[in-house]
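Values reported hereafter were calculated over all heavy atoms of this structure, with side chains retained and with hydrogens, waters and symmetry mates removed. Note that the structure is predicted; figures quoted are calculated from it, not measured.
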Amino acid sequence: EPLPASAEQTDGFHLVIDALKANDVDTIYGLVGIPITDLARMAQAEGLRFIGFRHEANAVNAAAIAGYLTKKPGIAMTVSAPGFLNGLVALANATVNCFPMIMISGSSEREIVDLAQGDYEELDQLNAAKPYVKAAYRINHVEDIGIGMARAIRAAVSGRPGGVYLDVPAKLLGQAMDAAAGKKSIVKVVDPAPAQVPAPEAITRALDVLKNAKRPVIMLGKGASYAQADADIRAFVEKTGIPYLAMSMAKGLLPDNHPQAAIAARSYALKEADCVMLIGARLNWLLSHGKGPTWGGKDHKDWADKKFVQIDISAQEMDSNVPIDAPLAGDIGSTVAALLKEIEKSGFNKPDASWTGSIKEKSDANVAKMAKTLSAKTSPMNFMTALSAMRDVLKTRPDICLVNEGANTLDLARSVIDMYEPRKRLDSGTWGVMGIGMGYAIGAAVTTGKPVVALEGDSAFGFSGMEVETICRYNLPVTVVIFNNNGVYKGNDVNPTGGADPAPTVFVKGSRYDMLMQAFGGVGVTANTPEELSKALTEGIASGKPTLINVVIDENAGTESGRISHLNPQSAAKKK
Ligand SMILES: Cc1ncc(Cn2c(C)c(CCOP(=O)(O)OP(=O)(O)O)sc2=O)c(N)n1
């Protein structure tokens, strides 16, 4: 006999799922266990996709990149304490990179945690998360699930996007309430990321600074990619005629072979520019903090005499490193639209051909120099000869995502492999973190439904390599390419003591990563030549099957820490 409608009950399990579905969430990335296993099963039964991982960090990385690609918060789910802590690194990375996501973790009961009475996986997760996330919330009562999820969603995507921690005590899931009241408590968030339009006077000021510049340059950051204002950003670059640079994840916003691309003349452009316009790019370590020799300054503290225009959604970002002459606090889409409108009205004279011509000259010279290195025949392959083969294959598929991490593998691929469409290059980003590879590859494959290529240094791959089983389990169209030079950075290091142990930076020689993929039913290939690499990569992409290409790279190739070796501290005490 069905219960009368008024007596019908719902509970925390169902309301968490209802709240996610009401806000168009269709995928959860996670790793089950107490207390979320049934939540995952019920979510799946109610039509959500639950992608189960082998380590929480990779699940959270997948959710983070899904957030970056869709502008909707990626959703990750972990168990309490150790599962939560495993995911926290990737949640912090999402926050640093401004990727919108929510990590929902089961947690212990407050009354036991607060008396430190030793609960199962006891940890004060809410407070442990706070320093590393944009916002952290706990829901204690079943009737608050709707508003709590709404808060988390809005916190993740509004303003500067970031990682949000949502703490769900085990008891909450079992709490029951009247079904009708439960339905009423679900909140569909209205306009979660409202436009933030800059003040008209800020628009005028910025255009004045740009119009008075003799040698302006635009720097596009991943915030510009994230904005999904691709047509307006392209129109702004082309209408102003200003040469532009792109940070690694902004590559492809305009095609890398665009006539105004200054990427191949980056050092010249940054040194010689008298005005730099930052669009969704922060002046952090990746841009030498906007000062010093990179920017034409005498020493690393010297603020070269340049004018800066900066678009950032956070007003507080301005003057972070050097004074900003024309701050534009607003979302990039609204701000670029307002700049275009003003240019329509008041016009804009393109920079003098002496400036754009000098950049083109430098670019062409550098491209010619690189072409020589790329066309060299080497055996075994080095990074550049392998990248040359990859570049030619990937050029035929501008629509697929390239995930990239490593040291030399990251730095060199960034300059060799051109991107032609926005949001296709997904890499170690702001933190230069290793371990994003398989998580990002899975998140991108699930989100886009298209083939993904993950180009990995062999050490970088090791951080998330077990997820090749996850890739096979869901039969994802991911081709993992490992540049195998037998070690962290290079493979030729020796134990300084002369002892039998391997040097801290080397791995087993001749390792066969391809067999790892075969172990789970995927396709594994070893490539010793550019031809073998091209063939395997073309077939991997076309097959849509999980594929791993173990690329044999000269162990003497590359430099320690790639292009950031200068960040290593030097020992002052020389051992006798
Ligand atoms: C989480 C984490 N651990 C360690 C590092 C340090 N690190 C490490 C360990 C790298 C791997 C370099 O080795 P690789 O084999 O992946 O790269 P190449 O062979 O391309 O140089 S790059 C780098 O900055 C890091 N960035 N992030």
Side-chain angles (χ1 to χ4, degrees), residues 206-225 227 229-283 286-288 290-291 293-297 304-311 322 324-326 328 332 335-336 339-340 342-343 347-370 414-422 425:
L207 286 174
D208 284 348
V209 170
L210 285 169
K211 284 174 181 172
N212 289 319
K214 296 274 173 290
R215 300 183 306 284
V217 74
I218 291 172
M219 173 61 83
L220 299 171
K222 66 174 171 300
S225 276
D230 307 340
D232 272 2
I233 289 170
R234 180 162 187 160
F236 178 73
V237 171
E238 291 177 345
K239 282 190 188 322
T240 59
I242 297 175
Y244 76 91
L245 295 163
M247 298 304 285
S248 65
M249 284 181 65
K251 280 168 63 81
L253 195 45
L254 281 84
D256 277 345
N257 59 357
H258 189 282
Q260 286 171 247
I263 300 170
R266 184 179 193 273
S267 341
Y268 172 77
L270 291 181
K271 275 196 181 68
E272 299 302 325
D274 62 353
C275 174
V276 180
M277 179 175 193
L278 302 158
I279 304 183
R282 291 170 288 182
L283 282 174
L286 288 164
L287 282 172
S288 314
K291 51 195 160 194
T294 305
W295 297 83
D305 53 346
K306 294 185 195 315
K307 297 267 185 214
F308 280 93
V309 178
Q310 183 163 12
I311 306 180
V322 294
I324 301 299
D325 303 84
L328 286 160
I332 289 170
T335 306
V336 172
L339 287 166
L340 281 170
E342 187 55 33
I343 289 173
F348 189 94
N349 295 327
K350 294 191 176 183
D352 195 279
S354 58
W355 171 234
T356 50
S358 69
I359 286 194
K360 178 118 181 53
E361 206 182 300
K362 289 279 177 202
S363 284
D364 293 350
N366 287 336
V367 167
K369 212 162 68 186
M370 185 195 282
R414 181 174 46 231
S415 44
V416 170
I417 298 184
D418 288 337
M419 304 309 287
Y420 301 91
E421 291 182 14
R425 185 183 159 87

Give the table of side-chain donor-acceptor pairs shorter than 3.5 Å for residues 206-214, with sequence neighbours excluded, one pair per line with atom names and distance.
{"residue": "Lys211", "atom": "NZ", "partner": "Ser346", "partner atom": "OG", "Å": "3.4"}
{"residue": "Lys211", "atom": "NZ", "partner": "Gly347", "partner atom": "O", "Å": "3.4"}
{"residue": "Asn212", "atom": "ND2", "partner": "Asp208", "partner atom": "O", "Å": "3.0"}

Between the side chain of [X] and the main-chain N/O of [Y], is any donor-acceptor distance below 3.5 Å?
| X | Y | answer |
| --- | --- | --- |
| Ser248 | Arg414 | no |
| Asp274 | Lys306 | no |
| Glu421 | Gly252 | no |

Distance from [X] atom [atom1] to [Y] atom [atom2], nearest 0.5 Å?
| X | Y | atom1 | atom2 | value |
| --- | --- | --- | --- | --- |
| Arg425 | Asp418 | CZ | CG | 11.0 Å |
| Ile324 | Ile311 | CD1 | CD1 | 12.0 Å |
| Lys222 | Leu286 | NZ | CG | 7.5 Å |
| Ile343 | Lys239 | CD1 | NZ | 8.5 Å |
| Thr240 | Met277 | OG1 | CE | 8.0 Å |
| Leu278 | Leu328 | CG | CG | 10.5 Å |

Side chains of Leu253 and Tyr244 in contact at under 4.5 Å (non-hydrogen atoms):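 Side-chain contact under 4.5 Å: no.
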
Beyond-backbone contact of Asn366 with Arg266, side-chain heavy atoms, under 4.5 angstrom: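 The answer is no, as the side chains (C-beta and beyond) never meet within the 4.5 Å cut-off.
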
Pairwise side-chain hydrogen bond (donor to acceptor under 3.5 Å, both in side chains) hits with a residue in residues 349-359, at least two apart: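 Passing the test, one end in residues 349-359: Tyr268-Ser358, Asp352-Ser354.
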
For residues 229-236, which side-chain N or O atoms pair as donor and acceptor with protein atoms under 3.5 Å away, sequence neighbours left out?
{"residue": "Asp230", "atom": "OD1", "partner": "Arg423", "partner atom": "NH1", "Å": "3.0"}
{"residue": "Asp230", "atom": "OD2", "partner": "Arg423", "partner atom": "NH2", "Å": "2.6"}
{"residue": "Arg234", "atom": "NE", "partner": "Glu238", "partner atom": "OE2", "Å": "2.9"}

Compare every heavy atom of [Y] with every heavy atom of [X], then report the nearest pair and how far apart it is.
| X | Y | answer |
| --- | --- | --- |
| Ile279 | Ala224 | O-CB, 3.6 Å |
| Pro351 | Gly241 | CD-O, 3.6 Å |
| Val217 | Ala273 | CG1-CB, 3.8 Å |
| Ala269 | Ile359 | CB-CD1, 4.0 Å |
| Trp295 | Leu287 | NE1-O, 2.8 Å |
| Gly280 | Ile332 | CA-CD1, 3.6 Å |

All side-chain hydrogen bond (donor to acceptor under 3.5 Å, both in side chains) counterparts of Ser288, not counting sequence neighbours: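 Partners of Ser288 under the side-chain hydrogen bond (donor to acceptor under 3.5 Å, both in side chains) test: Thr294.
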
Contacts of type salt bridge (Lys or Arg N to Asp or Glu O under 4.0 Å), residue Lys291, not counting sequence neighbours: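 Residues passing salt bridge (Lys or Arg N to Asp or Glu O under 4.0 Å) with Lys291: none at all.
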
More than 12 heavy atoms from other groups under 6.0 Å of NZ on Lys307: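 Result for NZ/Lys307: open.
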
Pairwise salt bridge (charged side-chain N to carboxylate O under 4.0 Å, His left out) hits with a residue in residues 248-258, at least two apart: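 Passing the test, one end in residues 248-258: Lys251-Asp256.
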
